Number of protein chains: 2
Amino acid sequence: MKDSVAGQTRIQRNKIATITEAALDVFSTYGFRGSTVDQLARAANLSKPNLLYYFPSKEAIHTHLLNGLLDIWLAPMRKIDAGGDPLDEILTYVRAKLAMSRDMPRESRLFANEVLQGAPHTRDTLSSDLKPLVDEKAAIIRGWMDQGALKPSDPHHLIFSIWSLTQHYADFEVQVGAVLGPEVPDPFPAAEDYLVTLFTRLLSPDA
Amino acid sequence: MKDSVAGQTRIQRNKIATITEAALDVFSTYGFRGSTVDQLARAANLSKPNLLYYFPSKEAIHTHLLNGLLDIWLAPMRKIDAGGDPLDEILTYVRAKLAMSRDMPRESRLFANEVLQGAPHTRDTLSSDLKPLVDEKAAIIRGWMDQGALKPSDPHHLIFSIWSLTQHYADFEVQVGAVLGPEVPDPFPAAEDYLVTLFTRLLSPDA
DNA sequence: TTCGGCTTTGACCGATTGGTCAAAATGCCA
DNA sequence: TGGCATTTTGACCAATCGGTCAAAGCCGAA
């Protein structure tokens, strides 16, 4: 595996970055099994053997992508701070996740494809890395609710709802676009207003 | 295409039903391109040529499945009644959609797979059938809000949020399970409580 | 200019893909 | 029972799949 940064030439680093970028395009559109090595090579402007000179297999590229992405993907949640203003912390997280759906829809769809099909390459990571992180943040939220700083509701399902509501605009982009029609070219401003209203009414203890 | 019910023998109707059921299993798990005709045949306890005697191609099975499903899938939304109690109508719809995620997760994942990959077999139907239906129901909801029977918020995004929040429990079942852990074998009761609370606080004009 | 290692490639491999076909088996009605 | 249409199957096909390999091209250092 050529995952390590050390001991790489400039060419290697560049090509690997190009391949990774192209693979994100292809995998997020067609899924793992729906993508072919030829497709990946063509998207990266490389011959097939050349691509397989940098990665040992199609699966290695996919794994490399998923591994690199998980940290980026969870970064906004890690920033939830027990010392901050409760509603602000939640709304900031919601806005950050929605921005990721707008700016990184391919990454969102890559994860969605993976999880939809049973997370065959990620399942262990979900239990070992994701669960503790979510439990930690859920405990913070529960603390806020116990103090009366937020209206009570199930913290785990609150987190699920943030994920589903925000990622929906990336994963189901085609459906959202078809329903809103061409007269709404960008659904994100209205989506942000709606989601801020939703979580404010759900959680704000005043009014 | 053997979609028509008329002019079919008992054997044909049974086998087609068996194939459809098996294909739902396979396609919803592996996606269209990720599923093979051999897999479909094995799941239906048929030889490959025998399966292709009832359907002309792998794609025909997939199309047949999607077509048959769209009506079932949209049925709860069609029941939203302008004459009913506004909050009741919404909560009934939410509960019905959540029940579908619990009882028909394969159907949900089949659609998710399709839409995620750009809805190559469904795109036209989304614009021609889904959009008018959503627009109609959104107008009803907007009417309720204008009357003051519901707190104001964007009706289209309200509908999107019902879809995403409920389908999440089917489409991302693996993730939900991994985060909640084995100590929560069934997330649906808590999910229903949470969603009822969410939409009540979002929409109920009192309190 | 030559050398040696990194990079790139066309040709090729066995396995699997979606799908076909002729022949055999089965069901059904007289 | 015979006879015909429906159903089922093993063998097979061309195309595509992921991946290999030896040879050729390319590069900077000596």
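Only a predicted model underlies this, so the values are computations on that prediction, with no experimental measurement involved. Throughout, protein chains are lettered first and strands after them, A, B, ... in sequence-line order, and every chain is numbered starting at 1. All heavy atoms count here, side chains included; hydrogens, waters and symmetry mates do not.
- More than 12 heavy atoms of other residues, nucleotides or ligands lie within 6.0 Å of OH in B:Tyr93, so this atom counts as buried by the packing criterion.
- Using a cut-off of 4.0 Å between Lys/Arg side-chain N and Asp/Glu carboxylate O, A:Lys131 and A:Asp135 are scored as salt-bridged.
- A sub-4.0 Å separation between OP1 or OP2 of C:dT20 and a side-chain N or O of B:Tyr53 is absent.
- If you take OH of B:Tyr54 and C1' of D:dT8, they are 8 Å apart, rounded to a whole angstrom.
- Aromatic ring centres of B:His157 and A:Tyr169: separated by under 6.0 Å.
- As a whole-Å value, the separation of B:Lys15 NZ from D:dT9 C1' is 12 Å.
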Letter by letter from the 5' end, nucleotides 16-21 of chain D scores (B base, S sugar-phosphate only, - none; protein heavy atoms under 4.0 Å) -SBBBB
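- We find that CG of B:Asn14 is positioned 14 Å from C1' of D:dT7, with the value rounded to whole Å.
- Between A:Glu21 and A:Arg106 there is a salt bridge, since a side-chain N of the basic residue sits under 4.0 Å from a carboxylate O of the acidic one.
- Under 4.0 angstrom from either OP1 or OP2 of D:dT7 there lies no side-chain N or O belonging to B:Asn50.
- Geometrically, A:Lys58 engages A:Phe32 in a cation-pi contact defined by less than 6.0 Å to the ring centre and at most 45° from the axis.
- A straight line from CG of A:Asn45 to P of C:dT8 spans 12 Å, rounded to a whole angstrom.
- For the pair B:Ile16 CD1 and D:dT6 P, the interatomic distance rounds to 14 Å; values are reported in whole Å.
- Side-chain contact of B:His121 with B:Glu59: a donor-acceptor pair under 3.5 Å is present, judged by distance alone.
- B:Gln12 has a side-chain polar atom (N or O) that falls below the 4.0 Å cut-off from OP1 or OP2 of D:dT7.
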